[in-house]
Amino acid sequence: SFNVTGIIAEKALEECNVIINKNWIPGDQLSPFVTSGIRIGINSMAARGLTEEAMEQCADLICRVLRTVEVISNKEYKLDTVARDGFREEVKQIAVRFPIPGYPLPED
C-alpha cells in the first residue's frame, strides 16, 4: 500500500537501523529478488521484552519510513537524510528501553 517494493523497504529501513527482510508473498508479481512483501521479526521484538505499546510505536515508525521513501525504480530510492537521522534516533531510544538480553549497550 506504500508503493514500495520489498527490497526498497528492506534497504530504507536498514538505513534507519530497522532490520526486516524482503519477503516473496503468494501471487507476487515481482521476482524473489525484489518482492512485494516484508517480514518483521516479532519473536525477536518479544525476546527483547517490547510491550504492545512499543510494538505499535515500531509499526508506526516503519510506516513513517516507508511514507518518506522516494521511489526511483523497483530497486532504487532516495531517503531524506534529516528524516533518516530522526528515525535512527527513535530506533536508538527504543533499543535503549528494550536491550537485547545478555548484550551490553554500545558506548556512544
Side-chain angles (χ1 to χ4, degrees):
S1 64
F2 295 99
N3 294 318
V4 173
T5 62
I7 189 70
I8 288 176
E10 181 181 76
K11 289 179 179 182
L13 286 162
E14 186 175 325
E15 268 193 70
C16 299
N17 296 333
V18 175
I19 306 302
I20 58 98
N21 301 97
K22 68 182 182 317
N23 200 48
W24 190 84
I25 57 176
D28 208 330
Q29 299 298 309
L30 299 175
S31 83
F33 300 105
V34 175
T35 76
S36 295
I38 63 172
R39 184 178 65 82
I40 301 170
I42 300 299
N43 289 341
S44 298
M45 295 167 70
R48 293 180 81 137
L50 269 75
T51 62
E52 183 177 339
E53 179 183 330
M55 288 195 186
E56 287 177 9
Q57 182 183 2
C58 291
D60 178 67
L61 176 69
I62 289 169
C63 289
R64 286 186 288 124
V65 170
L66 297 180
R67 284 187 191 110
T68 304
V69 169
E70 180 184 335
V71 176
I72 297 169
S73 72
N74 275 351
K75 295 182 183 179
E76 296 180 60
Y77 69 97
K78 287 184 183 178
L79 183 61
D80 179 77
T81 56
V82 173
R84 181 203 62 208
D85 293 346
F87 295 137
R88 285 180 177 177
E89 184 57 35
E90 286 186 60
V91 170
K92 181 179 177 182
Q93 291 173 11
I94 295 168
V96 167
R97 283 180 31 224
F98 301 98
I100 298 171
Y103 287 89
L105 290 173
E107 299 292 326
D108 277 338

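The model shown is predicted, which means the values in this text are computed figures rather than measured ones.
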Quick one: does Gln57's side chain get under 4.5 Å of Arg97's, heavy atoms only?
yes
Same apolar cluster (I L V M F W Y, side chains within < 4.5 Å links), Ile42/Val65:
yes
Using the rule that two of Ile, Leu, Val, Met, Phe, Trp, Tyr join whenever any of their side-chain heavy atoms come within less than 4.5 Å, decide whether Ile8 and Phe2 are in one cluster.
yes
How many angstroms lie between atom CD of Glu10 and atom CZ of Arg39, to the nearest 0.5 angstrom?
10.0 Å
What distance do Met55 atom CE and Leu50 atom CG have between them, rounded to the nearest 0.5 Å?
5.5 Å
Quick check: do Leu61 and Cys16 have side-chain heavy atoms less than 4.5 Å from each other?
no
Can you confirm whether Asn3 sits close enough to Val71 that some side-chain heavy atom of one is under 4.5 Å from a side-chain heavy atom of the other?
no
Please list all pairs meeting side-chain hydrogen bond (donor to acceptor under 3.5 Å, both in side chains) that have one or both residues in residues 22-35, counting only residues at least two apart or in different chains.
Asp28-Ser36
Nearest 0.5 Å, please: how far is CD1 in Ile38 from CD1 in Ile20?
4.5 Å
Heavy-atom closest pair, residues Ala9 and Val4:
N-CG1, 3.6 Å
CD1 of Ile72 to NZ of Lys78: how many Å apart, nearest 0.5 Å?
5.0 Å
Under the salt bridge (Lys or Arg N to Asp or Glu O under 4.0 Å) definition, can you give me all pairs with a residue in residues 46-65, not counting sequence neighbours?
Asp60-Arg64, Arg64-Glu90
With side chains defined as the heavy atoms from C-beta onward, is the minimum distance between Lys75 and Val34 less than 4.5 Å?
yes
Take atom CD of Glu14 as the centre, draw a 6.0 Å sphere, and report whether it contains more than 12 heavy atoms from other residues, nucleotides or ligands.
no
Membership question, hydrophobic clusters at under 4.5 Å side-chain separation (ILVMFWY): are Ile25 and Ile7 in the same one?
no
Pro101 and Ala47 have their tightest heavy-atom pair at CG-O, 3.4 Å
Using links of under 4.5 Å between side-chain heavy atoms of ILVMFWY residues, direct or through other members, which residues join Ile100 in one cluster?
Tyr103
State, with a plain yes or no, whether a side-chain heavy atom of Glu70 is found less than 4.5 Å away from one of Leu79.
no
To the nearest 0.5 Å, what is the distance between CG on Asp80 and CZ on Phe87?
8.5 Å
To the nearest 0.5 Å, atom OG1 of Thr68 lies from atom OH of Tyr77 at 12.0 Å
